[in-house]
Each structure stands twice: as C-alpha cells, then as structure tokens.
Amino acid sequence: MKRILTQLLNLPEVIVESNLQEGQTLILSVSKKAKSAVCLQCGQKSEKLHQNQRYLVKDLPMGDKEVILNVNRRRFKCKKCRKTFSEELDFVGARKRFTHRYAENIVKQLISSNVSNVARNNGLTDEEVNSMLEDVAENVMSIDVSNLKRLGIDEISLVK
Ligand SMILES: [Zn+2]
C-alpha cells in the first residue's frame, strides 16, 4: 500500500511512510528518500539525524479525496560546522502550507476566473489564493525552465 501511494503521489525522491483516512481527507506521512542531506553553509553531507520536524501541507487531490501531507522536514547535524540545519524540500516553499504543484493548479484556474471565485470553489480564502499566486511567481522567477514550460505564456503574464 505504501509503495502504491508513493507511486500515486509521484513527488520525486519522496516516499509515503504511512497513511490515514479521515472522512474525505487522506493524510499521507511523507519524507525524503535520502538518508542524508547537504549542509547549506559548507556543503558537507550529513547523515546524522538531529530531529524530525513534522508539519501539514495541502497537496493535489487523489480521486475525490483531499490530500494533506504530513511532511517530515528533518534536521541534520553538520560535523564540520557543528550546527544543525533543515533539509531542503523542493516540492514546498519555506513556511508554506501547500505544495508548489497545488499552487500551480489553483493559479491555472485564475485564467478563466478570479481570486474570489477560485477561492470559493476550492474552499480557500482569498489570502490563500494570493499566497499561492506569489508562490508560483517565486518559482517562475527562480528561472526553473520546467516550471516555465508547464505554466505557459498566459499564466506567466498573469503572474507579473
Ligand atoms: Zn556545515
């Protein structure tokens, strides 16, 4: 089951450790596959796990189920710097409550609608939709070509 869910989730280098269903919500506990992370300060690879830090992030739905990821953003200890650091996660922005791909999906809906309608249709607040717009803009700004291709011209001009 975990392997199937990992495949269905389809986030690169991410594995589903356990799952829980509550009504219409599927909660997936996930973490990165790698047993190590690279220190941002010095580039040293560390395998010394310091702490597990979990938080909830909204992801794309599966079927008729809302999906919430219980993300483990692990802290490692760097031998060289003697400091702890959090690993990088490429599917969710820092302190964001939704994945990049969830934000992209919401922003795409803005093409043929407006913030208030999209917010209402997805059970979100206007602020949340605006925050997702910012998230997508930041991703595009970081010149990730795959993102640019995925988004298409209309959405890029919309984001500006
Ligand atoms: Zn270091």
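The structure displayed is predicted, hence computed values, not measured ones. Each ligand, and each atom within it, is numbered from 1 in the order the structure gives.
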Undergrad: Not counting sequence neighbours, list each pair that qualifies as a salt bridge (Lys or Arg N to Asp or Glu O under 4.0 Å) and has a residue in residues 35-57.
TA: E17-R54
Undergrad: Ignoring hydrogens and geometry, is there a side-chain-to-backbone donor-acceptor pair from Q24 to D64 under 3.5 Å?
TA: yes
Undergrad: Using a cut-off of 6.0 Å, state whether more than 12 heavy atoms not belonging to Q44 lie near its atom CD.
TA: yes
Undergrad: Return the CG to NZ distance between N105 and K108, rounded to the nearest 0.5 Å.
TA: 7.0 Å
Undergrad: Closer than 2.8 Å to the Zn ion (ligand 1), what protein N/O/S atoms do you find?
TA: C39 SG, C42 SG, C78 SG, C81 SG
Undergrad: Please identify each residue that fulfils side-chain hydrogen bond (donor to acceptor under 3.5 Å, both in side chains) with N19, with sequence neighbours left out.
TA: none
Undergrad: Return the set of residues passing salt bridge (charged side-chain N to carboxylate O under 4.0 Å, His left out) with K58 (not counting sequence neighbours), or none when no residue passes.
TA: E66
